[in-house]
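Beneath this line is the structure, given in structure tokens, with notes to follow.
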Amino acid sequence: MQQRCKVLAWITVIWGLTSAMAVAENSAPSIVLQSTTSTANSGLYEHLLPQFYTETGIRVHVVAVGTGQAIKNAQNGDGDVLLVHAQSAEEAFVEAGYGVARFDVMYNDFVIVGPADDPAGVTGLADPVAALQKIADTGSVFASRGDDSGTHKKERSLWWATRAQPDAASGRWYRETGSGMGATLNVAVGMGAYTLTDRATWISFKNKGEHVIHVEGTQALFNQYGVILVNPERHARVKAAEGQAFVDWIVSDRGQQAIADYRLDGQQLFFPNATVK
Amino acid sequence: MQDFGDAFALAGQLLVSFDPDLREIVGLSLRVSVTSVLIACLLGFPLGALIAVGRFPGRGLLHVFVSAMMGLPPVVVGLMVYLMLSNAGPLGSLQWLYSPAAMMIAQTVLITPIIAALTAQVVADLNREYHALFQSLCVPAHRRVAALLWDARFSLLTVALAGFGRAVAEVGAVMIVGGNIANLTRVMTTAIALETAKGELGLALALGMVLMLIAFAINAVLMVTRARAVERAYV
């Protein structure tokens with residue numbers, strides 16, 4: 001009995017110590033950044049945030065979800081800054097009073113990837129709409145995000161421009177995964193499907209299998225990222241000063257340079273294009 | 001199936017190198033899940049015992065309710081806790097969203113029904129043996145519950161372990177309320193989900209193996225402790 005009490009006491013002491021240490025760690029000023037999986041999974045934030053921390057002493061906690069969910073979370077006031085890629089949804093967010101203002105931050109592009117043997121014969125097509133039309137015509141399997149993310153919104157807008165009706169083929173050649181970019185790429189590789197992905201996620205993705213890029217490099221596949229401070233008038237608990245510091249930094253010369261400096265396997269993943277300085 | 005080979009090698013490497021990131025993730029996983037189990041036991045043991053021996057209107061309904069809650073999907077629990085703790089929700093002022101506290105709440109909600117339902121079964125079985133004795137000695141209800149829980153303590157350890165297994169293995173709830181924030185709310189299961197999303201299947205599997213190993217070690221230690229205690233208790 002006595003021995004058991006001793007063991008219990010030790011467990012309690014160790015527990016208390018680890019908990020106390022965790023609390024001490026969290027004393028620095030911090031903000032929550034609602035952002036997308038493409039920016040987080042590509043390692044961009046591991047490159048940017050330490051630099052931001054050394055310059056300002058502010059820690060940034062990144063919650064990486066689909067653009068749709070990120071915007072929803074920010075609407076609920078569960079984040080101080082929003083950095084996503086769905087310009088019209090971002091503008092609607094600001095217009096509805098949830099955000100202070102939206103600024104361009106950087107861009108890259110979307111690509112259509114698919115199996116190397118290219119059953120739909122889309123390799124090298126300049127027009128992504130024509131490529132999707134061919135995929136539909138040949139009934140080749142296409143994996144859609146189906147999760148209201150920025151990439152999904154882009155994909156839907158491309159489908160609208162075609163004559164195809166992917167929704168009518170849902171479950172047959174059009175497969176909606178309802179999950180993140182990485183999970184969807186795993187699915188696409190697993191079942192030999194085409195899919196639309198942003199280039200940053202594709203370059204950093206490690207389970208490419210036999211998949212390659214088929215369609216790329218046109219204006220129609222442009223992918224713009226924007227940053228917004230969540231409106232402190234709407235949600236009093238938004239850390240306006242720290243959040244503004246982050247917005248100011250990422251559109252400043254230093255922040256823009258830091259984005260341009262990030263490379264993976266020798267390739268630049270994001271191209272800064274902020275217009276305000 | 002090269003990934004399996006890679007994963008074994010990586011898992012070994014991770015364990016040997018005692019990687020600081022991994023240490024932090026494992027530490028947080030344990031801190032969150034063990035705290036949740038402790039709170040869930042504090043709530044679930046008495047609740048289960050009450051269901052087993054109590055005589056009050058609605059007892060049957062409560063029992064069915066608690067049993068049904070064992071099947072709660074973690075994602076649903078996560079969503080409920082998110083809506084409560086969100087700045088737009090009723091408990092937003094606590095500022096607990098995206099913190100380990102939120103994860104503990106979600107896991108506690110998730111496993112308290114499991115602990116309560118299993119406790120009810122264990123205590124009900126024991127109560128059949130003790131019932132006549134309690135009746136003849138006119139033992140009051142709260143003393144009965146205390147005596148039953150104490151005498152069932154070795155079985156209740158298994159109940160707690162079942163709760164711990166569920167807590168440490170779930171990913172849906174902690175992903176939503178914790179946000180999988182690096183160095184703050186990233187635990188084993190959300191790290192595995194993240195590495196899978198990055199296509200780092202070998203690393204994801206290796207992390208899974210580390211998680212299994214930890215669960216194995218904890219179960220082994222508690223089983224041995226229990227066996228020793230049982231020996232001492234009955235000599």
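Every value quoted in this text rests on a predicted model; they were computed, and no experiment measured them. Throughout, protein chains are lettered first and strands after them, A, B, ... in sequence-line order, and every chain is numbered starting at 1.
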[X], [atom1] atom: more than 12 neighbouring heavy atoms under 6.0 Å:
X	atom1	value
B/Met212	CE	no
B/Arg228	CZ	no
A/Lys72	NZ	no
B/Arg143	CZ	no

Check your understanding: Taking all non-hydrogen atoms of both residues, which atom of A/Asp78 and which atom of B/Ser86 are closest, and how far apart?
Key -> OD2-OG, 2.6 Å

Review point. If every non-hydrogen atom of B/Lys198 is compared with every non-hydrogen atom of A/Asn41, which pair is closest and at what distance?
Key: CE-O, 3.6 Å

Review point. Checking B/Thr185 against chain A: side chain, backbone, both or neither under 4.5 Å from a heavy atom?
Key: neither

Review point. Which answer fits B/Gln95, side chain, backbone, both or neither, if we ask what part of it has an atom under 4.5 Å from a heavy atom of chain A?
Key: side chain

Review point. Where on A/Val62 is there a heavy atom nearer than 4.5 Å to chain B: the side chain, the backbone, both, or neither?
Key: backbone

Exercise for review: Against chain B, label A/Gln34 side chain, backbone, both or neither, depending on which of its atoms sit under 4.5 Å from a heavy atom there.
Suggested key: side chain

Practice item. Determine which residues belonging to residues 178-187 of chain A lie within contact range of chain B, meaning some heavy atom pair is under 4.5 Å apart, and list them by number or answer 'none'. Key: A/Gly182, A/Ala183, A/Asn186

Check your understanding: Could you state the interatomic distance from CZ (A/Arg59) to CG (B/Asn183), rounded to the nearest 0.5 Å?
Key -> 7.5 Å

Study note, to complete from the structure: Output for pair (B/Thr196 OG1, A/Lys206 NZ), nearest 0.5 Å, gives 14.0 Å

Review point. Under a 4.5 Å cut-off applied to non-hydrogen side-chain atoms, are A/Asn76 and B/Asn87 in contact?
Key: no

Study note, to complete from the structure: Hits for ring pair (Phe, Tyr, Trp, His ring centres under 6.0 Å) against A/Phe270, two or more places apart or cross-chain, chain-then-number order -> A/Tyr225

**Study point:** Interface residue of largest heavy-atom contact number with chain A, from B/Gly179, B/Ala193, B/Gly89, under 4.5 Å
**Key:** B/Gly179

